[in-house]
Participant: 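My structure is below; once you've seen it, I'll send some questions.
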Amino acid sequence: MTTVLHGPALIDGAVVTAEIAIDGERIASIRRVQPSDPATPGSEPILGTMSAAYVDIHCHGGGGSAFTDLDANAAAAAARHHHARGSTSLLASLVTMPPADLLRGVEILTDLADDGLVDGIHLEGPWLAEARCGAHDPRLLRDPDLREVDRLLRAGRGHIRQVTFAPEREGGMRLVRHLRESGVHPAIGHTTATFAQVGQAVAAGADLATHLFNGMDPWHHRTPGAVPALLRAAVLDGVVLELIADGAHLSDDTVRTVVDLVGPSRVAFVSDAIGAAGVGDGPYSLGGLSVVVSGGTARLIAGPGEPEGSIAGGTSHVADIVARQVGAGISLPYAAESASSTPARLLGLADRGALRGGARADLVVLDGAARVLRVMRAGRWLAA
């Protein structure tokens, strides 16, 4: 049965009036029409602007559940929570854990990926820098051991798509090359790497930056580190830069500056969401560490003498980030590109990230402030 949606749609970077025919899980065709043209009889009028649904490549949980819970039902609930809020495709992200727990987490998420609930796995750690560990247990950080890496890759059965690592760790460059040979995106993050070390990692195959600025040394004009090196690599080498553009991790001015400098085709908006996304303030856990959410910002419990703990993931959805950045002055086409087509292209999801014939029928309907009104995944409207 074919369903035809009629209304404004963001297609090829412009909002036009269109009729989108959906057959099963796929967009069968798209026909541009004039706003004054009568709708095809039987078509469904859409009140709002249709856009490609979002692709979140860095997400730890939501709706009170987390991928780090090591529970299949909790992981499935977290994925469905983000689907219903506009991120119909996502990578399930794990954090630093003991080796046995990390392996178990990969096994659970691999089954979810086989079932199509998630589109792959992101390992954020354990091969990170202690000095920039953020909400990762520093006692569990370690140099990469390719035997451990291969155990995880075998358990992932091709579903591990992204690995965050610090290139300055012993064996970091070997890890980059090994991941690339295994079809995995090496992502530079939680690092104290120098400008030169980042350049070496990019030359070896690193093509992604995990939440640029966060988990990295601040940019100093005499001792440049990862931040300027990654900005340069985005322009010259096509490296994609994750941004947690939620107002807590980065200021809106910083986000707009990066998008203006490198363009939306080199920026991926990510949620970095923990289980608190869509729930609210209170106590949570992330990879065995205690987290408190207050005023919508998640932080580790501060240690003795610390004014506040490290930020510990996000509490927003990519849809919230798009609406925020449109309100801050980024155009809807740019914000949507950073939330959909750029991450879809990175992951090789050729049938996602844009409204076009043959694509999977994943779309969001947005109001005038770019807030999500409705979500369709694989041709089905989802309940909020």
Participant: Where is the tightest heavy-atom contact between Ala370 and Ala323, given as atom of each residue plus distance?
Facilitator: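 For Ala370 versus Ala323, the nearest heavy atoms are O-CB, 3.6 Å.
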
Participant: For the hydrophobic clusters of this structure (ILVMFWY residues joined by side-chain heavy atoms under 4.5 Å, transitively), does one cluster hold both Leu208 and Leu250?
Facilitator: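 In one cluster: no.
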
Participant: Can you give the donor-acceptor pairs under 3.5 Å from side chains of residues 54-61 to other protein atoms, not counting sequence neighbours?
Facilitator:
from: Asp56; atom 1: OD1; to: His58; atom 2: N; distance (Å): 3.2
from: Asp56; atom 1: OD1; to: Ser271; atom 2: N; distance (Å): 3.3
from: Asp56; atom 1: OD2; to: Ser271; atom 2: OG; distance (Å): 2.5
from: His58; atom 1: ND1; to: Glu242; atom 2: OE1; distance (Å): 2.9
from: His58; atom 1: NE2; to: His60; atom 2: NE2; distance (Å): 3.2
from: His58; atom 1: NE2; to: Glu124; atom 2: OE1; distance (Å): 3.0
from: His58; atom 1: NE2; to: Asp272; atom 2: OD1; distance (Å): 2.9
from: His60; atom 1: ND1; to: Ser93; atom 2: O; distance (Å): 3.0
from: His60; atom 1: NE2; to: Glu124; atom 2: OE1; distance (Å): 2.9
from: His60; atom 1: NE2; to: Asp272; atom 2: OD1; distance (Å): 3.0

Participant: Would you say His6 and Ser43 are linked by a side-chain donor-acceptor pair, where the criterion is simply a distance under 3.5 Å?
Facilitator: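 Distance-only check fails for Ser43 and His6.
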
Participant: Mark yes or no for whether Arg161, through its side chain, and Gly120, through its backbone, hold a donor-acceptor pair below 3.5 Å.
Facilitator: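 Side chain of Arg161 to backbone of Gly120, a donor-acceptor pair under 3.5 Å: no, none is there.
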
Participant: Ignoring hydrogens and geometry, is there a side-chain-to-backbone donor-acceptor pair from Arg80 to Ala78 under 3.5 Å?
Facilitator: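 Answer holds: no.
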
Participant: Give, for atom CG of Leu243 and atom CG of Leu212, the distance between the pair rounded to the nearest 0.5 Å.
Facilitator: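 It is 6.0 Å, given to the nearest 0.5 Å.
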
Participant: For the backbone of Thr254 and the side chain of Ser251, can you confirm whether one donor and one acceptor N or O come within less than 3.5 Å of each other?
Facilitator: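 Pair found, side chain donor or acceptor close to backbone of Thr254.
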
Participant: Please identify each residue that fulfils salt bridge (charged side-chain N to carboxylate O under 4.0 Å, His left out) with Asp115, with sequence neighbours left out.
Facilitator: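 So Asp115 forms no salt bridge (charged side-chain N to carboxylate O under 4.0 Å, His left out) with any residue.
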
Participant: For the residue pair Arg371 and Val322, establish whether any side-chain heavy-atom pair is separated by less than 4.5 Å.
Facilitator: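 No - every pair of side-chain heavy atoms lies 4.5 Å or more apart.
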
Participant: For the CZ atom on Arg380, are there more than 12 heavy atoms of other groups (residues, nucleotides or ligands in this structure) within a distance under 6.0 Å?
Facilitator: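 Open.
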
Participant: Would you confirm whether Asp320, through its side chain, and His317, through its main-chain N or O, come within 3.5 Å as a donor-acceptor pair?
Facilitator: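 The answer is yes, because a donor-acceptor pair under 3.5 Å joins these two groups.
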
Participant: Is a side-chain N or O of His159 found less than 3.5 angstrom from the main chain of Val118, in a donor-acceptor match?
Facilitator: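 The answer is no, because no donor-acceptor pair under 3.5 Å joins these two groups.
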
Participant: Do Asp137 side-chain atoms and Arg139 backbone N/O form a donor-acceptor pair below 3.5 Å?
Facilitator: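 Yes, because the side chain of Asp137 sits within donor-acceptor range (under 3.5 Å) of the backbone of Arg139.
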
Participant: Please give me the minimum heavy-atom distance between Phe165 and Leu128, naming the atom from each residue.
Facilitator: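 Taking every non-hydrogen atom into account, CA-CD2, 4.0 Å.
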
Participant: Using the salt bridge (charged side-chain N to carboxylate O under 4.0 Å, His left out) rule, take Arg26 and Asp351 through it: C-alpha gap first, then chi angles, then the decisive distance, then the call.
Facilitator: CA-CA 9 Å; Arg26 299 279 163 182; Asp351 64 344; 2.8 Å; yes

Participant: Start with the C-alpha distance between Glu44 and Thr3, add both sets of side-chain angles, then the distance that settles side chain to side chain donor-acceptor pair (under 3.5 Å), and finish with yes or no.
Facilitator: CA-CA 8 Å; Glu44 179 181 347; Thr3 301; over 6 Å; no

Participant: Closer than 3.5 angstrom, by distance alone: can the side chain of Glu148 be matched with the main-chain N or O of Pro99 as a donor-acceptor pair?
Facilitator: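 Not at all, since once roles are kept as given, no pair shorter than 3.5 Å links the two residues.
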
Participant: Just say parallel, tilted or perpendicular for the rings of His190 and His211, cut-offs at 30° and 60°.
Facilitator: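 If you compare the ring of His190 with that of His211, the planes turn out perpendicular.
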
Participant: Once rounded to the nearest 0.5 Å, what's the spacing between atom CD1 of Ile108 and atom CZ of Phe67?
Facilitator: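 Going from CD1 on Ile108 over to CZ on Phe67, the span is 11.5 Å.
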
Participant: Which residue in the set Arg169, Glu168, Gln197, Arg132 passes side-chain hydrogen bond (donor to acceptor under 3.5 Å, both in side chains) when paired with Thr191?
Facilitator: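 That would be Glu168; it is the only one of Arg169, Glu168, Gln197, Arg132 passing the side-chain hydrogen bond (donor to acceptor under 3.5 Å, both in side chains) with Thr191.
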
Participant: How far apart are the closest heavy atoms of Ile311 and His249, and which atoms are they?
Facilitator: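 Result for this residue pair: CG2-NE2, 3.1 Å.
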
Participant: For residues 175-193, which residue pairs pass the salt bridge (Lys or Arg N to Asp or Glu O under 4.0 Å) check, not counting sequence neighbours?
Facilitator: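 Qualifying pairs: Arg180-Asp207.
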
Participant: Measure the CD1-CG distance between Ile46 and Leu5 for me, rounded to the nearest 0.5 Å.
Facilitator: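 Answer rounded to 0.5 Å: 4.5 Å.
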
Participant: Between His185 and Gln162, do the side chains contain an N or O donor and an N or O acceptor separated by less than 3.5 Å?
Facilitator: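 The criterion, which ignores hydrogens and geometry beyond distance, is not satisfied for Gln162 and His185.
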
Participant: Measure across Val239 and Ala209 and return the closest heavy-atom pair with its distance rounded to 0.1 Å.
Facilitator: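 What the structure gives for the nearest pair is CG1-N, 4.2 Å.
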
Participant: Quick one: closest heavy-atom pair of Ala193 and Val198, and the distance?
Facilitator: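 Scanning both residues completely, I find the closest heavy atoms to be CB-CG2, 3.9 Å.
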
Participant: Are the side chain of Asp69 and the backbone of Ala66 linked by a donor-acceptor contact shorter than 3.5 Å?
Facilitator: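 Checking the backbone N and O of Ala66 against the side chain of Asp69, a donor-acceptor pair under 3.5 Å is found.
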
Participant: Apply salt bridge (charged side-chain N to carboxylate O under 4.0 Å, His left out) to Glu107 and Arg104, showing your working.
Facilitator: CA-CA 5 Å; Glu107 291 170 343; Arg104 179 59 182 149; 3.7 Å; yes

Participant: Short question: side chain of Arg85, backbone of Ala319 - any donor-acceptor pair under 3.5 Å?
Facilitator: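 Side chain of Arg85 to backbone of Ala319: no pair is present.
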
Participant: Has Ser51 got a side-chain atom pairing as donor or acceptor with Leu366's backbone, closer than 3.5 angstrom?
Facilitator: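 Not at all, since once roles are kept as given, no pair shorter than 3.5 Å links the two residues.
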
Participant: Determine all donor-acceptor pairs shorter than 3.5 Å in which one atom belongs to a side chain in residues 280-295; sequence neighbours excluded.
Facilitator:
from: Asp281; atom 1: OD1; to: Gly295; atom 2: N; distance (Å): 3.3
from: Asp281; atom 1: OD1; to: Gly296; atom 2: N; distance (Å): 3.1
from: Asp281; atom 1: OD2; to: Gly295; atom 2: N; distance (Å): 2.8
from: Tyr284; atom 1: OH; to: Gly280; atom 2: O; distance (Å): 2.7

Participant: With no hydrogens and no angle check, just 3.5 Å: does a side-chain donor-acceptor pair link His122 and Thr164?
Facilitator: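 Distance-only check passes for His122 and Thr164.
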
Participant: Excluding sequence neighbours, so at least two apart, what forms side-chain contact (heavy atoms from CB on, under 4.5 Å) with His220?
Facilitator: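 Testing His220 for side-chain contact (heavy atoms from CB on, under 4.5 Å), a comparison that skips the adjacent residues, returns Arg222, Thr223.
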
Participant: Heavy atoms only: give me the nearest Gly189-Thr210 pair and the separation to one decimal.
Facilitator: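 Where Gly189 meets Thr210 most closely, the heavy atoms are CA-CB, 4.1 Å.
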
Participant: In terms of hydrophobic clustering (I, L, V, M, F, W, Y; side-chain heavy atoms under 4.5 Å; direct or indirect links), are Met173 and Val202 co-clustered?
Facilitator: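 Result: no, two separate clusters.
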
Participant: Could you please spell out the steps behind the salt bridge (charged side-chain N to carboxylate O under 4.0 Å, His left out) verdict for Arg31 and Asp37?
Facilitator: CA-CA 12 Å; Arg31 185 171 69 93; Asp37 290 346; 5.7 Å; no

Participant: For the atom pair OG (Ser316) and CZ (Phe269), what is the distance rounded to the nearest 0.5 Å?
Facilitator: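 That separation rounds to 12.5 Å.
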
Participant: Measure the CD1-OG distance between Ile321 and Ser338 for me, rounded to the nearest 0.5 Å.
Facilitator: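 Nearest 0.5 Å value for the CD1-OG distance: 11.0 Å.
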
Participant: Listed by chain and number, what are the side-chain contact (heavy atoms from CB on, under 4.5 Å) partners of Arg377, not counting sequence neighbours?
Facilitator: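 Testing Arg377 for side-chain contact (heavy atoms from CB on, under 4.5 Å), a comparison that skips the adjacent residues, returns His83, Thr88, Arg360, Asp362, Leu382.
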
Participant: At what distance, to the nearest 0.5 angstrom, does CG of Leu355 lie from OG of Ser341?
Facilitator: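 Output value for this atom pair is 10.5 Å.
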
Participant: When you look at CZ of Arg299, are more than 12 heavy atoms from neighbouring residues, nucleotides or ligands closer to it than 6.0 Å?
Facilitator: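 Yes, CZ of Arg299 has more than 12 neighbouring heavy atoms, counting only those of other groups under 6.0 Å.
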
Participant: Charged N to carboxylate O below 4.0 Å: is that the case for Asp367 and Arg374?
Facilitator: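 Between Arg374 and Asp367 there is no salt bridge, as every charged N stays at least 4.0 Å from the carboxylate O atoms.
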
Participant: Counting only heavy atoms not in Leu47 (residues, nucleotides, ligands), do more than 12 fall under 6.0 Å from its CG?
Facilitator: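 No, not enclosed.
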
Participant: Under 6.0 Å from the CD atom of Glu25, do we count more than 12 heavy atoms belonging to anything else shown?
Facilitator: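 No - once you tally the heavy atoms of other residues, nucleotides and ligands closer than 6.0 Å, there are 12 at most.
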
Participant: Assess the residue pair Asp119 and Arg352 against the criterion (salt bridge (charged side-chain N to carboxylate O under 4.0 Å, His left out)); give the C-alpha distance rounded to whole Å, side-chain angles, the decisive distance to 0.1 Å, and a yes or no.
Facilitator: CA-CA 11 Å; Asp119 297 272; Arg352 321 280 169 83; 2.9 Å; yes

Participant: For a side chain to side chain donor-acceptor pair (under 3.5 Å) check, start with the C-alpha distance between His82 and Ser87, then their side-chain angles and the critical distance, and finish with the verdict.
Facilitator: CA-CA 5 Å; His82 282 276; Ser87 296; 4.8 Å; no

